[in-house]
Amino acid sequence: MTVVNQSGVPQYNPLESMQRRFDEAKDILGLDEQFANVLRVPDKVVAANIPVTMDDGTIRVFEAYRVVHSVHLGPSKGGIRYSLDVNVDEVKALAAWMTWKCAVVNVPFGGAKGGIKCDPRCLSKGELERITRAYTLSMRHVFGPDKDIPAPDMGTSAQEMAWIVDEFSKISGHNSYAVVTGKPLILGGSLGRVEATGRGVMVSTRSAMAKLGMNPTKTTCVVQGFGNVGSISAKLIAQIGVKIVAISDVTGGYFNEDGIDVEKAIAYVEQSENKTLEGFEGGVKVSNEELLELPCDILVPAAMEDQITPENASRIKAKLIVEGANGPTTAEADHILNEKKILVVPDILANAGGVTVSYFEWVQNRLGYYWTEERVNRRADRVMKQAFDNVYATSEKYSVDMRIAAYIVALDKVASTLKLRGSF
Ligand code: GLU
């Protein structure tokens with residue numbers, strides 16, 4: 001049942017969306033209820049209220065979470081999000097998606113996610129640093145190179161990871177690079193990590209286009225979101241010959257039938273005062289709602305959760321959707337897209353390039369030996385291609401869409417480990 005808020009706007013719960021797909025995959029697999037009961041809910045939910053001194057001398061309290069969903073395949077892994085929308089159900093869903101994502105790409109990690117309820121755009125660099133350090137201190141018993149390894153997510157970047165390394169190293173009394181990934185290069189980061197999620201989205205798009213017999217030079221694509229994932233996905237998809245006809249960010253959508261010059265748009269954002277597309281003249285302005293319904297062959301939602309809903313799914317014109325964001329489609333919208341025969345490459349597969357290269361970064365930190373960008377990209381592309389082929393074959397085997405197939409692959413893997421190990 002869809003819940004509406006006081007203004008009548010439907011509210012979706014990402015945790016329910018995750019659990020509905022989980023239940024469907026569990027029934028198809030015939031998974032024993034006792035294992036399903038373990039994996040349907042998070043292993044651990046840590047909530048904290050962190051007091052931070054602001055630049056004006058006042059003390060503010062920030063709501064913060066770290067949810068560990070599973071540690072069955074290895075230490076838990078997942079980003080930290082700074083956003084006003086952060087809430088415990090969202091973090092629980094995002095943590096579970098990390099478990100499934102790592103399993104789909106065969107990365108030996110469990111899943112976790114963190115979040116702090118704040119608007120990073122309204123905070124100074126000093127305030128962000130104090131919030132990040134206070135959060136690290138508060139989560140010091142959760143984090144650890146062999147326990148739980150954060151990374152960037154919405155609203156965070158390499159800078160926050162550098163502060164976490166520093167704070168965690170102080171606490172543990174030695175340099176601890178492997179406690180987070182997505183770090184700056186000079187602090188033990190990996191070449192290729194910044195581009196990794198967008199690159200994986202491109203590899204997934206290319207693989208799906210081959211299945212559908214789409215010719216890149218005759219194909220158009222709309223990308224929603226122009227942060228790290230959206231902008232790099234758009235750039236790399238354009239590089240394989242596809243025409244990007246629209247992009248968007250918080251300031252709205254920009255549509256150009258003749259094609260958006262993505263590199264120009266990226267340069268525009270970089271030099272703009274508030275780092276947005278506001279005033280970009282490479283396309284006509286459209287609303288976010290119009291953007292998703294534009295005529296195009298491929299739609300890449302790379303902004304946030306709950307964008308494709310039962311309200312707009314029937315009006316989507318793309319033949320292929322590649323989910324750069326986590327949870328951009330609600331569970332209720334899945335069957336509408338299926339009826340319309342739209343191929344959806346689900347988030348837990350399409351955006352797994354980021355965590356794949358995070359794993360490579362962690363391996364390099366532990367080895368103390370650093371790879372070339374060419375090696376990182378070659379290995380990540382191979383992982384993404386194999387994962388795509390495996391999920392596609394599973395969807396054919398069980399006659400299900402690629403989302404349920406990805407859940408089947410992931411659940412089967414994590415549940416088999418749980419059965420072998422016992423209770424941990
Ligand atoms: N935040 C990214 C994601 O949602 C990356 C997580 C990681 O590398 O640990 O996949």
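Please read these numbers as outputs of a predicted model, since none were measured by experiment. Counting convention: from 1, in listed order, for ligands and their atoms alike.
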* Asked: Hey, is Thr197 touching ligand 1 through its side chain, its backbone, both or neither, going by heavy atoms under 4.0 Å?
  -> neither
* Can Glu311 and Thr309 be said to form a side-chain hydrogen bond (donor to acceptor under 3.5 Å, both in side chains), step by step? -> CA-CA 5 Å; Glu311 278 71 44; Thr309 68; 3.2 Å; yes
* Protein contact to atom 9 (O) of ligand 1 [nearest heavy atom, distance to 0.1 Å] -> Lys77 NZ, 2.8 Å
* Strictly under 4.0 Å, does any heavy atom of Lys101 approach an atom of ligand 1? -> yes
* Are a donor atom and an acceptor atom from the side chains of Thr329 and Gln307 found within less than 3.5 Å of each other? -> no
* Has ligand 1 got any nitrogen or oxygen that is less than 3.5 angstrom from a nitrogen or oxygen of Met98? -> no
* Using the ring of Trp97 (Phe, Tyr or Trp, six-membered ring only), decide whether Arg21 places NZ or CZ under 6.0 Å from its centre and within 45 degrees of its axis. => no
* Asked: Identify the closest protein heavy atom to atom 7 (C) of ligand 1: which residue and atom is it, and at what distance?
  -> Ala151 CB, 3.4 Å
* To do: Would you verify whether the NZ or CZ of Lys77 falls within 45 degrees of the ring axis of Tyr359 while also being under 6.0 Å from that six-membered ring's centre?
  => no
* Can you find a pair of side-chain heavy atoms, one from Leu411 and one from Trp100, that are under 4.5 Å apart? -> yes
* For Lys113, take its heavy atoms, then give the atoms of ligand 1 lying under 4.0 Å from any of them. => 1 (N), 3 (C), 4 (O)
* Asked: Has ligand 1 got any nitrogen or oxygen that is less than 3.5 angstrom from a nitrogen or oxygen of Asn351?
  -> no
* Nearest non-hydrogen protein atom, atom 8 (O) of ligand 1 -> Ser358 OG, 2.5 Å
* Looking at CG of Leu191 and CZ of Phe360, how far apart are the two atoms once the value is rounded to the nearest 0.5 Å? -> 13.0 Å
* Would you tell me which option among Pro152, Ser76, Gly78 has the nearest heavy-atom contact to atom 2 (C) of ligand 1? => Pro152
* Does any N or O in the side chain of Asp297 come within less than 3.5 Å of the main-chain N or O of Ala318, such that one atom is a donor and the other an acceptor? -> no
* **Partner set under side chain to side chain donor-acceptor pair (under 3.5 Å) for Ser248, not counting sequence neighbours** => none
* To do: Quick one: look up the protein heavy atom nearest atom 5 (C) of ligand 1 and list residue, atom name and how far away it is.
  => Arg193 NH2, 3.5 Å
* Asked: Can you tell me if Glu361 has a non-hydrogen atom under 4.0 Å from ligand 1?
  -> no
